[in-house]
Every structure is written in structure tokens, then in C-alpha cells.
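Notes for the one structure printed next.
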Amino acid sequence: MPIYRLQDQKALINLAEKRGWLESPSDLSVVKVVVPQVLFSDTSQVKKYLPETELECQKSVRICLPEAIVHGRNFSLIVGNDIFPGGLTHSFAPSPGWVSVDSQHVEYVPKFDAERAIDDAELLGLVCHWGHFFVDALDRLLMLENYGAIPPRLLVGDPNLFNLNPQVDECFSVHQVSELIRVLGIDWEPSKLLPVPKCEDLLVTNLHMWTLHSTKPSISSSSFLEVRSRAGVAGRREPGAKADLLFVGRSDVRKRLVRNQDALVAELENVHGAKAIFPEFITVKEAIACFSEASRVILPVGSAKFNLTFCRPGTLVICVNPKGYSELNGGVTLMVRHMCHALGLQLCFYEVDIEPAKILLNSNLVFSQRDAQAMIDMFDIMAAA
């Protein structure tokens, strides 16, 4: 069985520079981003802080690979004896077809049909999932628009990669992604899109791609700001404007379930005048209106966090994390911190009980009635800071 070495994006850029595969100037410089300390708490209202943290963003370059195999499961690229990350969440995601040899190497037999190979295609990324679109494809879509020369085929992920097939449209994406792309004013034609099946590999000659601007767990702040601008979100709210409270619920999900959500929503609506929305059931234009009008947002951690892109600067945000997760200051927490810092939002993490009783991002969140008042009190602390 062939053995491949796992490489990173910087190694791909170095290889492209060495082999003459660059279509744009090489720039391996790294941009340092410092996100400020951030408050987190729970019903005890004991205030704790996550420390100031430095993140890195890698400049993007344009590459044309003479020949590469696109691995459908995680959009990684097999080039010679190496495997490079092609997009999925900025890094490697495990593939069940790979057999680990050690931390640097895997065994794998690519599953492709040479007769079905294609020529002259662009690697875009996952568009079948709201969150992955923002971190895997948004940068590339905006850079392609500026670049001007779009190949006849755009490679996208398997629409059923996350078992979302019943919800995807003719562009192999959930309808919110297609709507957002059109809100941005970008041409989005089904005829140009080619999904790579998750259980297969695709042999491509002359594969064009932009390397991702962000380095996990950072986000591409320029792209997020561009989205907010094109969505028509106004500037900072006027001082003294009505303090609209938005609760972002979770309903049509298979993990990170929210327990006692109905009781919490009733408390927030009846006592504190909140508005509850479920992003999976509304249009992007409705989401833009809701988030841009809100001055305070409560949002359980998950892909809905990318709707914060539509918030005005100065909005107060409470991100609800599983108990014990915030202080780990892991990838998702840092991504939320970077996003809110870039967008000028004031962030606090609030932790609730979980099931099962272990520290996992994917734990179910368990709200109690006292959480509603505790989070309102946290808003008051944030406003006074």
C-alpha cells in the first residue's frame, strides 16, 4: 500500500515555488493578530478571563498544480508522495480510508478512475454547510471574483458529506449559502460546479487554487468585513437606541442539542423582551435584518456563530459554551474570539451544564431557568465595562 507524508499549506507553497507552479507572487509572510482577553462566567457569576492570545494568518497565493488527486472525504490534495490540506477547516480532517503509519505518514490507495480525469478546474471547497462555507470557500470565492479568470469547473464538496443531501439545492449547497453568495453579487451558476464524491478521489490536471488566507484557528477577517459591507449592514448603533435582545436557537441539528430551550426562550421573551430565531429556518435576508438590528445576542456555540458577521460594531455577544470548555481556549473558542474582535463586537462566554458529563465541544447544552437572568446580568456587566 502506498505511503504518503502529511504536509501543511506552507510546504505546498514552497513546493509550488520550487517547481514553478505559482500563478501569483510567492509570499510566505505571516500576519500576527492579537485578540484581547475575554470574560467568561456561569450562573455563579464568578468573573474569569481568557488571556490575550496571538493568532497567525498566512498570506494567500495562487497555484496551478500540473496534476493532483482531490480526496473527496476531506478535500486534501495528493501530489506525488505527499498529501496537502486542500481546504476542509484549514487543516486535515481524519479520513477513514487512511491507515496511520505514524504522526507524519499514512497508507492509502487512491480511488480514482483515470478515464474520468478532468482538466482545468478550480478548487473551491465545501459549500454544503453554512459554517464550512465561511472557513473553506468564502476567501476563494472573493479572490476569484477579483482575479477575473474563472476556469470552467469549480470543485465543491460532496453535498451529502454531512448527511445534508435533502437540504441542498442545485448548487450542491444549503439554500442559505447560495442566497448569501447572490446577496454578495457573485455569479453562482450550477453548470460550473462539480462535486467530488466523499467516497472517491478525482484526478485533475491543471488544478488551480488559492491557498487559504487563514491559519486555523484564525479567520479571514478581511473576507468577513467584506461580507458585512456587501450585506448592507450599517455602522455602529446610535447611543441610547432600543436595546434589542436576540436569542439564536438550535433546532434542526444532529449534535450539540439544546435541552430546556423552550423554557429558556419563554423566559427571555416574556420577562426580558427577547426575540428568538432559528437560522436554519429563515432566509439570509431575514438573518441580516435580525442580527443587524440586535444590540445584544445570545448564541449557543455552533455554525450559527457566522451570522455574527451581520452584527453592527459594538453589539454585545454572549456565546454559550459547554461547561468547562471556555478555559481550554481551544480552536472554536479562538475562532469566535478572532471573529468578534475583527468585527468590533464585545464578547463574553457563558457556560451551561452539559450531558454527558465530560468536557467536549459536542456535548449537549442543558439550560436552566436561572441561566436567563444570569446572562442578562452578564450583559449589564459588559455594558458597564
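Numbers here are sequence positions counted from 1. Heavy-atom basis, side chains included; hydrogens, waters and symmetry copies ignored.
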I'd like a table of donor-acceptor pairs (distance under 3.5 Å, sequence neighbours excluded) in which one partner is a side-chain atom from residues 344-351, with atom names and distances.
residue, atom, partner, partner atom, Å
Gln346, NE2, Met382, O, 2.7
Tyr350, OH, Thr43, N, 3.4
Tyr350, OH, Asp371, OD1, 2.6
Glu351, OE1, Gly324, N, 3.0
Glu351, OE2, Gly324, N, 3.4
Glu351, OE2, Tyr325, N, 3.3
Glu351, OE2, Ser326, N, 2.8
Glu351, OE2, Ser326, OG, 2.9

Could you check whether any side-chain N or O of [X] sits under 3.5 Å from a backbone N or O of [Y], counting only pairs where one atom can act as donor and the other as acceptor?
X	Y	answer
Gln176	Pro279	yes
Gln369	Leu264	no
Thr315	Arg296	no
Glu286	Thr283	yes
Asn260	Ala263	no
Asn307	Ala304	yes
His272	Ala274	no
Ser229	Leu225	no

Pairwise distance [atom1]([X]) to [atom2]([Y]) - rounded to 0.5 angstrom:
X	Y	atom1	atom2	result
Ser218	Met339	OG	CE	12.0 Å
Asp377	Ser41	CG	OG	10.0 Å
Ile181	Cys171	CD1	SG	7.5 Å
Cys340	Lys305	SG	NZ	10.5 Å
Arg140	Ser223	CZ	OG	11.5 Å
Gln58	Asp8	CD	CG	9.0 Å

When you compare the side chain of [Y] with that of [X], does any pair of heavy atoms fall below 4.5 Å?
X	Y	result
Leu308	Cys311	yes
Pro85	Ser76	no
Asp169	Pro190	no
Tyr4	Ile78	yes
Ile13	Trp21	no
Leu316	Ile318	no
Phe291	Thr309	no
Glu226	Leu142	yes

Please identify each residue that fulfils side-chain hydrogen bond (donor to acceptor under 3.5 Å, both in side chains) with Asn14, with sequence neighbours left out.
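Per chain and number, Asn14 pairs via side-chain hydrogen bond (donor to acceptor under 3.5 Å, both in side chains) with no residue.
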Side chains of [X] and [Y] only: does a donor on one sit below 3.5 Å from an acceptor on the other?
X	Y	answer
Thr53	Arg337	yes
Gln37	Glu52	no
Ser95	Asn74	no
Asp244	Ser295	no

Tell me every residue that passes side chain to side chain contact (heavy atoms under 4.5 Å, CB included) with [X], counting only those two or more places apart in sequence or in another chain.
X	result
Pro152	Asp120
Glu107	Met1, Ile3, Val99, Val101
Glu23	Arg62, Cys64, Tyr147, His208

Are the charged groups of Arg259 and Glu355 less than 4.0 angstrom apart, N to O?
yes
Is any NZ, NE, NH1 or NH2 atom of the basic residue among Glu56 and Lys32 found under 4.0 Å from an Asp or Glu carboxylate oxygen of the other?
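Yes, charged N to carboxylate O under 4.0 Å.
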Asn364 vs Val258, side-chain contact (heavy atoms from CB on, under 4.5 Å): CA-CA, chis, key distance, verdict:
CA-CA 6 Å; Asn364 294 335; Val258 180; over 6 Å; no
For the pair Val79 and Leu65, evaluate side-chain contact (heavy atoms from CB on, under 4.5 Å) and give the outcome as yes or no after the intermediate values.
CA-CA 8 Å; Val79 181; Leu65 300 172; 4.1 Å; yes
Begin from the C-alpha positions of Met209 and Leu12 and carry the test side-chain contact (heavy atoms from CB on, under 4.5 Å) through to its verdict.
CA-CA 11 Å; Met209 63 176 289; Leu12 177 60; 4.1 Å; yes
Verify same cluster id: [X], [Y] (apolar side-chain graph, 4.5 Å):
X	Y	answer
Leu343	Leu246	yes
Leu184	Val135	yes
Val265	Val366	no
Val233	Val227	yes
Val320	Tyr49	yes

Determine the minimum heavy-atom distance between Gly235 and Arg312, stating which atoms define it.
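For Gly235 and Arg312, the tightest heavy-atom pair comes out as O-CD, 2.9 Å.
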Search all heavy atoms of Ser24 against all heavy atoms of Trp210 and return the closest pair with its distance.
OG-CZ3, 4.4 Å
What is the ring orientation for Phe247 with Phe367, classed by angle as parallel under 30°, tilted 30 to 60°, or perpendicular over 60°?
perpendicular
For Ser173 and Ser178, run side chain to side chain donor-acceptor pair (under 3.5 Å): C-alpha distance rounded to whole Å, both residues' side-chain angles, the deciding distance at 0.1 Å, then the answer.
CA-CA 7 Å; Ser173 64; Ser178 287; 2.7 Å; yes
Just do the ring pair (Phe, Tyr, Trp, His ring centres under 6.0 Å) check on Phe224 and Phe134 with the steps written out, would you?
CA-CA 8 Å; Phe224 283 60; Phe134 274 86; 5.6 Å; yes
Checking side chain to side chain contact (heavy atoms under 4.5 Å, CB included) between Leu155 and each of Leu207, Leu124, Leu193, which is the one that passes?
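Exactly one option meets the side chain to side chain contact (heavy atoms under 4.5 Å, CB included) with Leu155, and it is Leu207.
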Among pairs that include at least one residue of residues 181-202, which meet salt bridge (Lys or Arg N to Asp or Glu O under 4.0 Å), considering only residues two or more places apart or in two chains?
Arg116-Glu200, Asp187-Lys192
Around atom CZ of Arg230, are there more than 12 heavy atoms of other residues, nucleotides or ligands at under 6.0 Å?
yes
Is the CD atom of Glu145 crowded by more than 12 outside heavy atoms at less than 6.0 Å?
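Above 12, so yes.
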Would Val106 and Ile83 count as a side-chain contact (heavy atoms from CB on, under 4.5 Å) here? Give the steps.
CA-CA 9 Å; Val106 296; Ile83 299 180; 3.9 Å; yes
